[in-house]
Structure formats: C-alpha cells, structure tokens
Visitor: 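Below you'll find the structure I mean.
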Amino acid sequence: MVGATNESFPAFFSNHTVAKHLSFTDYKQRVVWATLLVSWAGISPAYSQVDSTQTRSTCTVRVAGTVFSREKQQRGGVTFPLLGATVYVRETKTGAVTDAQGQYVLPALCPGSYTLDYQFIGYQTVVQQIAVLNDSTLAVVALSPEGVNLNELTVTEHRSEAQQLLQNQTELSGAALNQARGQSLGESLKSLTGLYSIQTGPSISKPVIHGLHSNRILILNNGVRQEDQQWGSEHAPEIDPFIASRLTVIRGAASIRYGSDAIGGVILVEPKAMPTKPGMGGEVNLVGASNGRLSIVSGILEGAFNHRLTGLSWRVQGTLKRSGYVQTPTYYLDNTSYRETNFSADLHYDHKQWGAEVFYSRFTTKIGLFTGAQVGSLSDLYAAISRPEPLIQPTFSYALNRPYQDVQHDLLKIRGQWRSRAGGTLTATIAQQQNTRQEYDFLSFSRVTDPELYLQLTTHTADLIWEYAPKTDSKGGRWSGSVGITSSTQGNIRQYLFLIPNFRSYGAGAFAIERYARNRWVVEAGLRYDYRWLRAYFLDAPTNRVYANTHHWDNLNGSFGVSYQLSPALTLAGN
C-alpha cells in the first residue's frame with residue numbers, strides 16, 4: 001500500500017462509522033468504501049505493526065465470527081445479520097468489514113491477547129477482549145440499537161404585520177436599509193417608489209404617501225400604533241430606524257386592519273426576529289457625514305438561554321447621534337445642531353403553545369431650529385425671503401441654543417400569544433406611550449427656563465386578535481383570515497402657548513378579514529366598525545371657568561380586493 005500510515009484505518013472508522021444520522025443511500029456508499037479500503041489496506045501484512053519476519057513464521061492464526069442485531073429480526077427463520085459492521089483490532093490497527101451474512105475474518109494474527117471494537121451505524125459499540133491461541137471462530141456478537149435523542153428543533157417565522165393585506169406593499173430591508181442607516185425615518189423611506197417627505201430641518205422629516213402625511217398615515221412601531229404629536233410640519237415621528245430590520249410601506253387605505261385613521265397608508269417598523277440559538281451576539285453601526293460633522297454610533301446586543309431557560313431570549317439596543325451646524329456651499333446655518341439618544345430593551349419567552357414579550361423603548365432628541373427661519377411678523381417673513389443670504393453666518397459649532405425642540409417618547413408593550421393545537425393564534429397586546437414635547441422660542445425675559453409650548457400626550461392601547469390556521473377546501477383553495485377587537489384611551493395636557501386644548505378620548509373597534517386563494521387568484525374582503533368619544537376642555541379667560549365640548553363618531557368600513565398573478569414577476573390587483 002503506497003502512502004498508507006498506521007492511523008489510516010482507525011481514522012476512517014472514527015470519522016465515517018460513528019455518525020448517527022445517515023440516509024440509506026449514504027449507508028450503502030460508506031459500506032462499499034469501507035469494504036474497498038479494508039480489501040486494499042486493512043488485511044495487508046505490510047499494514048500490520050507486527051514484525052514481518054514474525055508474521056511469516058508464527059502470525060498465521062485466523063479469527064472469524066458473525067455480527068448480528070440484538071433485535072433478532074427474522075428473515076425466513078434466519079437471524080438478521082449486520083452487513084457492513086466493522087471489527088477493529090486495537091493492538092495491530094487492522095480490521096475487517098462483515099459481509100452480507102454478517103461474517104468477518106481477521107487473518108494473520110499472532111498468539112496473544114487482543115481488544116476488538118465492533119461498530120455499526122445506529123448501534124452501540126461493543127468492546128471485547130479475546131485470547132488468540134490457535135485457529136478459532138469467535139462466538140456470535142450481538143449489537144444493540146442505539147437510542148439517539150435528537151436536540152430540540154425550533155422553527156422561527158418572522159411574520160410581517162402586513163401578511164393579511166392585499167394592498168400594494170413595498171419593503172426596505174437588507175442592503176437597501178443599511179444604505180439608509182443614520183437618516184431619519186422619513187428620509188430613509190424616500191428611496192421607495194411613490195414616497196417622499198416634508199423636511200423642515202436636518203432631522204425633521206415627515207413621510208408622505210399619495211400627498212397625505214401626519215395623522216393620515218399610521219406608523220406601527222414593533223406592532224404598536226405610534227401615538228405622538230403630529231399637529232405641525234415640524235413634528236416628526238419619534239422612532240429610531242436602527243431598531244428595525246425591515247420597513248414595510250402599505251400604500252392606500254388600510255383602515256380595515258389598522259383603523260379609520262390609516263387613510264393614506266401604513267408604515268411598519270419591524271425589528272428582526274428574536275434569537276433562538278443559545279449564546280450571545282450583536283452588531284455595531286458607525287455612521288458619519290461631512291455636512292454637520294455628523295457622528296452616529298448604534299449597537300445591538302442579544303442572546304438566548306439554554307437548559308432550564310430554553311425559549312427565553314433578550315435584546316438591548318441603543319443609539320447616540322450628534323450633529324453640528326449644517327453647511328451650504330458658502331456658509332453655515334446658525335443653530336442647526338441636533339442630538340439624539342435612544343434606547344430599547346426586549347425580553348421574549350416562547351414555549352410550545354404560548355409566548356410572552358415585554359418591550360420598552362425611549363426616544364429623546366434635542367433639535368436646534370435655524371434662527372434665520374424664525375419670524376415674529378409678516379414684515380419679518382417678507383424680509384427673510386428677500387435676503388439672498390442669512391444675516392447671521394457663524395463658523396462651525398456643535399452649540400445648541402434657543403430656539404429648539406426637546407422631545408421624549410416612551411413606549412412600553414406587553415404581549416401574550418397562545419397557539420391552539422389546530423393551528424390558530426390568539427394574540428393580546430397592551431401598550432402605554434407617553435410623548436412629551438417642549439418647544440423653546442428665542443430667549444424670553446419673562447420665562448428664562450420655561451418652554452413656550454408644552455404638550456404631553458399619554459396613550460393606552462389594548463388589542464386582541466385571533467388568526468385561524470389556513471384551511472384547504474376540496475377544490476384546492478386555501479381559506480385564511482383574522483378577527484380582532486381594539487381599544488384605546490388618550491389624554492393630552494398642554495401648558496403655556498395654546499396650540500391644541502387639553503382633551504380626553506376613548507376609542508374601540510372590531511374587524512374581520514377573510515382571504516381565499518386558489519391557483520393564481522386571491523380574493524380578500526374585510527369589514528370594520530369604529531367608535532370614538534372625545535371631550536376637549538377650554539378655559540374662559542374672563543370668568544376663569546373651564547368648560548368642555550364633547551364629540552363622538554362612529555364609522556363602518558368595508559373593503560374588497562382581487563388579485564391575479566399573470567407571471568412570477570407580474571400581478572394584477574384591484575381594491
């Protein structure tokens with residue numbers, strides 16, 4: 001045997017015969033290779049460690065035997081042998097493979113004591129000590145099947161909130177989303193066809209769909225309706241895009257699933273699925289920009305537990321952002337600095353039929369407002385428009401003075417999920433949000449530290465949704481759908497400048513969506529009812545008396561849609 005070493009045979013068996021999970025085809029192939037190797041190398045005298053002179057003179061003892069399964073399966077009354085079992089002699093590093101009758105032969109052994117290993121895929125290894133004196137046939141050796149406990153397999157599906165909707169949807173994820181890292185939510189979505197934004201500052205950007213924005217577009221942050229101040233053009237959504245692994249935009253009315261205020265569309269901010277593999281990992285994003293000397297650092301650390309805590313996973317995320325005065329081709333814009341500090345934490349537990357999640361996030365930002373855009377009268381406005389350049393042209397600075405905005409948004413979500421054995425899923429979600437906005441104008445001598453505008457919006461929401469498992473009818477069509485109820489309560493507190501009054505509102509809704517898919521056709525229909533009660537409070541200055549106006553609305557929505565897949569890349573749909 002050219003190039004053979006004494007380790008070749010045991011290495012072959014240890015690497016190729018101890019595997020526990022092989023298909024029948026792999027098994028047959030390995031038996032053939034093992035047989036070839038043994039016939040080529042295993043029984044050659046040159047392969048033995050015994051001295052060649054001794055082998056020719058005294059090492060002529062033959063040892064033979066049979067290997068079969070301890071299950072004693074019967075084939076015509078004959079014990080079931082094991083074809084391809086290996087017999088390995090530790091002392092001589094030689095071996096043999098059993099034939100179709102389970103028989104093997106070890107030739108040219110010297111008298112003495114030997115240790116034999118019997119192995120077969122899927123069976124427990126048997127170690128036997130034998131004494132070789134003369135030609136002999138060993139007693140029959142039985143191998144017992146080895147019970148192999150497979151590790152638990154967890155299948156995780158990252159389900160999109162838009163899975164049940166037939167409306168036109170576009171998605172920003174992967175490399176495209178990475179290229180938009182560091183931008184605000186509105187600016188990130190501008191890369192999608194049909195979307196643009198209203199921008200009034202370096203970090204103030206509101207997404208626009210079909211000409212609609214603010215309260216006419218619904219944003220879902222990790223499955224919770226984002227409730228913040230959307231009254232002015234300078235009130236941008238307080239969401240950290242680094243929290244998302246996918247941004248999905250639904251263009252067109254999606255009021256059946258999400259409520260009557262989703263007139264223009266829905267934006268879904270969806271984090272990636274929680275980790276399931278035990279261990280810990282994470283990522284760090286560093287972003288920089290020359291204009292404003294912007295610097296951003298954002299990181300995620302996540303992990304999952306094992307043993308007794310299997311199914312429990314966690315994630316923490318944070319972002320720090322800082323930018324100074326932005327620059328035109330010839331000068332800097334005064335007081336256009338901004339700072340941002342964001343944090344989120346997620347704890348998730350999933351076990352067989354049920355799961356639970358607790359999620360908390362805080363978004364804080366301080367945004368400087370360009371002093372050249374601040375006017376106190378129409379004359380100031382006309383004068384500012386007519387100037388070719390601002391009156392104040394500073395050098396670069398990270399300073400942030402009046403006028404500025406100071407905004408904080410807190411979100412706490414608790415979600416529970418139960419999966420029935422039939423395949424349906426019941427999800428209950430409760431959430432609390434508090435959005436606090438303070439706006440500071442030019443320095444005022446009467447109130448040096450107080451803001452000119454203070455708004456605090458507190459929102460509580462509760463949703464209960466049942467999604468039944470898809471069912472296939474006799475014609476091959478698949479039925480799927482969901483029903484749910486939603487509720488909310490909201491209160492607003494304002495101080496100083498009057499923009500909107502203090503108010504309290506309550507809302508409730510119920511919906512049902514049904515979908516049928518067969519071949520290339522998909523038909524979807526939905527129905528929703530909403531009710532809202534609102535009471536606004538006003539102060540009558542002359543009498544110093546508080547009075548209230550109460551309003552209530554109810555709304556019934558219906559939708560119907562059909563789509564037909566003309567080709568894998570082309571679908572025709574109507575709603």
Side-chain angles (χ1 to χ4, degrees), residues 1-20 22 24 26-73 75 78-146:
M1 175 178 177
V2 180
T5 66
N6 291 342
E7 300 300 326
S8 300
F9 194 81
F12 169 79
F13 284 129
S14 62
N15 291 337
H16 293 272
T17 64
V18 184
K20 301 297 188 297
L22 291 177
F24 183 64
D26 292 335
Y27 159 72
K28 290 194 298 182
Q29 292 175 348
R30 295 193 178 191
V31 168
V32 172
W33 280 109
T35 306
L36 290 176
L37 285 175
V38 169
S39 62
W40 181 28
I43 59 176
S44 171
Y47 187 75
S48 174
Q49 287 184 329
V50 182
D51 181 74
S52 59
T53 304
Q54 183 184 12
T55 301
R56 287 192 298 269
S57 59
T58 61
C59 299
T60 59
V61 180
R62 295 174 63 256
V63 176
T66 304
V67 181
F68 72 97
S69 171
R70 187 179 293 275
E71 295 173 320
K72 296 183 179 180
Q73 300 181 24
R75 289 187 177 180
V78 180
T79 301
F80 175 56
L82 291 179
L83 166 65
T86 60
V87 184
Y88 174 64
V89 184
R90 295 184 182 181
E91 289 73 14
T92 63
K93 294 182 170 59
T94 59
V97 178
T98 59
D99 57 18
Q101 286 73 43
Q103 298 176 354
Y104 68 93
V105 176
L106 297 172
L109 290 180
C110 298
S113 179
Y114 294 90
T115 304
L116 273 60
D117 292 344
Y118 298 88
Q119 295 181 351
F120 188 72
I121 298 171
Y123 287 75
Q124 296 178 5
T125 299
V126 173
V127 179
Q128 187 181 54
Q129 296 285 341
I130 64 171
V132 176
L133 300 176
N134 48 31
D135 280 1
S136 61
T137 300
L138 290 180
V140 174
V141 178
L143 301 184
S144 300
E146 182 176 26

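In what follows, residues are counted from 1 in the order of the sequence shown.
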Visitor: Minimum heavy-atom separation for V67 to A85, with atom names?
Guide: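 Looks like CG1-CB, 4.1 Å.
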Visitor: Minimum heavy-atom separation for Y88 and T94, please, with both atom names.
Guide: CD1-O, 3.4 Å
Visitor: Ignoring hydrogens and angles, state whether a donor on the side chain of Y118 or Q128 is under 3.5 Å from an acceptor on the partner side chain.
Guide: yes
Visitor: How long is the gap from OH on Y104 to CG on D99, to the nearest 0.5 Å?
Guide: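 Result: 12.0 Å between the selected atoms.
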Visitor: May I ask you to test the E91-T115 pair for a side-chain heavy-atom distance under 4.5 Å?
Guide: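 Yes; the side chains approach each other to less than 4.5 Å.
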Visitor: Check whether any side-chain heavy atom of Q101 sits under 4.5 Å from a side-chain heavy atom of T66, and report yes or no.
Guide: no
Visitor: Search all heavy atoms of A100 against all heavy atoms of P81 and return the closest pair with its distance.
Guide: O-CG, 3.4 Å
Visitor: Less than 4.5 Å apart, side chain to side chain, heavy atoms only: is that true for L116 and L106?
Guide: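 SC-SC contact between L116 and L106 confirmed.
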Visitor: What is the minimum heavy-atom distance between L82 and S69, and which atoms define it?
Guide: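 So the two residues come closest at CG-N, 3.8 Å.
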Visitor: Using only atom types and a distance under 3.5 Å, with no angle test, would you say the side chain of T98 pairs donor to acceptor with the backbone of G84?
Guide: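 Present.
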Visitor: Can you see which heavy atom on F120 is nearest to which on L83, and at what distance?
Guide: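 Shortest heavy-atom separation between F120 and L83 comes out as CE1-O, 3.1 Å.
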Visitor: Determine the minimum heavy-atom distance between V105 and R62, stating which atoms define it.
Guide: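 The answer is CG1-NH2, 3.7 Å.
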